[in-house]
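Only one structure is covered here, and it is reproduced in the block below.
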Amino acid sequence: MTDTLGWRKKFGVLAPSTNTIVEPEFHAMAVRGVTSHMSRIHIRDQDLSSNEKMMHLLKQVDEEIFFAIDRVMTAGIDYLIMGISAESFSGGIEGNRAFVRRLEDYTNLKVATGASAFKAALEAFKVNKIAVITPYQPVVNEMVCRFFSDIGVEVVRLKGLLCPTAISIAEITEDALRTHLLELDGDDVDCIVQSGTCKKLQTRTLQTANKAVG
């Protein structure tokens, strides 16, 4: 039997329970015959106000992720998407590969991550130098820089917005983002990369990645 709406593919999408951007934007980008089914990773403490708090949030993701996977697998999904960028940058390129293998071994499904999508997009557009904007604390920004270095891409400039809570990431205004993007722009970079679900900029990042991977 074929799913009535997801007759081409059913995506399982993992996101933090605090996230209010990933789900509506996946639905906004939907194509006929492909459906996205959210499973939320329980975040009990959403404080991001320091490096230590940021790492504590990622620890919560590690502790809760397989419960979220088990729930969404009951929908008979065909593909799993990790809707949390920060986790996929940990440990550089090898860390991302290990993370993907861990989830693929558990689910027997293919898994997409933010870091993998960035790699595909930057390679497709032959990008060598980038500026980066994130909502993260320095500890995760270092992970981001390491990942891009591992894939041969130079981070010329980086702006971390130091969002104090997980919910506040979705509250960054378009005016603020525009100001930061103008600060990051320059003739010495090929493009500006955004990691983390900062309002509509996330849609543009995902659309670029989707085009790159076909």
Side-chain angles (χ1 to χ4, degrees), residues 14-16 18-19 21-22 41 43 46-62 65 81-100 102-103 111-166 168-170 172 176-177 180-181 183-186 188-199 201-209 212-213:
L14 305 175
T18 53
N19 190 288
I21 300 294
V22 170
I41 299 169
I43 303 299
Q46 62 162 293
D47 188 350
L48 300 179
S49 60
S50 68
N51 283 335
E52 292 74 18
K53 294 292 186 180
M54 184 90 225
M55 294 308 294
H56 177 60
L57 185 137
L58 295 184
K59 181 180 178 183
Q60 293 177 76
V61 171
D62 284 339
I65 190 169
I81 299 172
M82 178 63 169
I84 308 173
S85 300
E87 184 84 8
S88 66
F89 287 110
S90 180
I93 184 64
E94 289 304 322
N96 179 61
R97 287 170 178 161
F99 178 77
V100 169
R102 180 182 171 207
L103 268 57
V111 174
T113 68
S116 298
F118 279 126
K119 182 177 182 294
L122 296 177
E123 287 177 350
F125 290 103
K126 297 179 172 57
V127 170
N128 297 309
K129 294 185 178 183
I130 61 175
V132 180
I133 184 169
T134 83
Y136 308 139
Q137 294 289 337
V139 64
V140 176
N141 289 333
E142 291 174 8
M143 296 177 188
V144 171
C145 290
R146 175 182 172 183
F147 175 85
F148 286 123
S149 177
D150 284 353
I151 64 172
V153 175
E154 179 185 353
V155 177
V156 177
R157 283 181 293 281
L158 184 146
K159 175 71 175 181
L161 301 183
L162 307 178
C163 292
T165 67
S168 68
I169 296 173
I172 302 168
L177 281 173
H180 295 313
L181 291 174
E183 293 171 355
L184 289 168
D185 194 17
D188 54 345
V189 297
D190 301 317
C191 76
I192 299 173
V193 169
Q194 176 259 324
S195 178
T197 45
C198 300
K199 212 167 180 176
L201 195 59
Q202 178 74 0
T203 298
R204 299 182 188 113
T205 301
L206 286 168
Q207 287 172 336
T208 299
V213 299

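- With sequence neighbours excluded, the residues that form a ring pair (Phe, Tyr, Trp, His ring centres under 6.0 Å) with F147 are F89.
- Of the inter-residue distances, the one linking E52 atom CD with Q137 atom CD reads 9.0 Å to the nearest 0.5 angstrom.
- Distance check: M54 CE to N141 CG gives 8.5 Å after rounding to the nearest 0.5 Å.
- Nearest heavy-atom pair across V22 and N19 is N-OD1, 2.8 Å.
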Donor-acceptor contacts, no H, no angles, side chain residues 150-163, under 3.5 Å, sequence neighbours left out:
{"unit_1": "D150", "atom_1": "OD2", "unit_2": "I93", "atom_2": "N", "d": "3.0"}
{"unit_1": "R157", "atom_1": "NE", "unit_2": "L184", "atom_2": "O", "d": "3.1"}
{"unit_1": "R157", "atom_1": "NH1", "unit_2": "D188", "atom_2": "OD1", "d": "3.4"}
{"unit_1": "R157", "atom_1": "NH1", "unit_2": "D188", "atom_2": "OD2", "d": "2.8"}
{"unit_1": "R157", "atom_1": "NH2", "unit_2": "L184", "atom_2": "O", "d": "2.8"}
{"unit_1": "R157", "atom_1": "NH2", "unit_2": "D185", "atom_2": "O", "d": "3.4"}
{"unit_1": "R157", "atom_1": "NH2", "unit_2": "D188", "atom_2": "OD1", "d": "2.9"}

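- Not counting sequence neighbours, the partners of S168 by the side-chain hydrogen bond (donor to acceptor under 3.5 Å, both in side chains) test are T165.
- The main-chain N or O of A166 is never found under 3.5 Å from a side-chain atom of T18 such that the two would form a donor-acceptor pair.
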Self-check item: Steps toward side chain to side chain contact (heavy atoms under 4.5 Å, CB included) verdict (F99, M82)
Solution: CA-CA 10 Å; F99 178 77; M82 178 63 169; 3.7 Å; yes
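- To the nearest 0.5 Å, the span separating CD1 on I133 from CG on L177 amounts to 5.5 Å.
- The distance from atom CZ of F148 to atom OG of S195, rounded to the nearest 0.5 Å, is 7.0 Å.
- For the atom pair NE2 of H56 and OG of S50, the computed distance is 10.5 Å after rounding to the nearest 0.5 Å.
- A side-chain donor-acceptor contact under 3.5 Å links D190 to the backbone of K129.
- The shortest non-hydrogen separation linking I43 to P16 is CG1-CB, 3.8 Å.
- The shortest side-chain heavy-atom distance between N51 and P138 falls under the 4.5 Å cut-off.
- Not one N or O on the side chain of S90 forms a donor-acceptor pair closer than 3.5 Å with the backbone of E87.
- Pairing each heavy atom of C191 with each of L122, the nearest pair is SG-CD2, 3.9 Å.
- Between R146 and E142 there is no salt bridge, since no side-chain nitrogen of the basic residue lies less than 4.0 Å from a carboxylate oxygen of the acidic one.
- Separation of atoms CD (Q46) and CD1 (I169) is listed at 9.0 Å; rounding is to 0.5 Å.
- Here the side chains of V132 and V144 are in contact, with some heavy-atom distance below 4.5 Å.
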Quiz item: Which is it for I81 and L14 under the side chain to side chain contact (heavy atoms under 4.5 Å, CB included) test, yes or no, and what are the steps along the way?
Solution: CA-CA 6 Å; I81 299 172; L14 305 175; over 6 Å; no
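- The two residues V189 and A131 have their closest heavy-atom pair at CG1-N, 3.9 Å.
- The residue from V140, I84, L48 that alone fulfils the side-chain contact (heavy atoms from CB on, under 4.5 Å) condition with L57 is L48.
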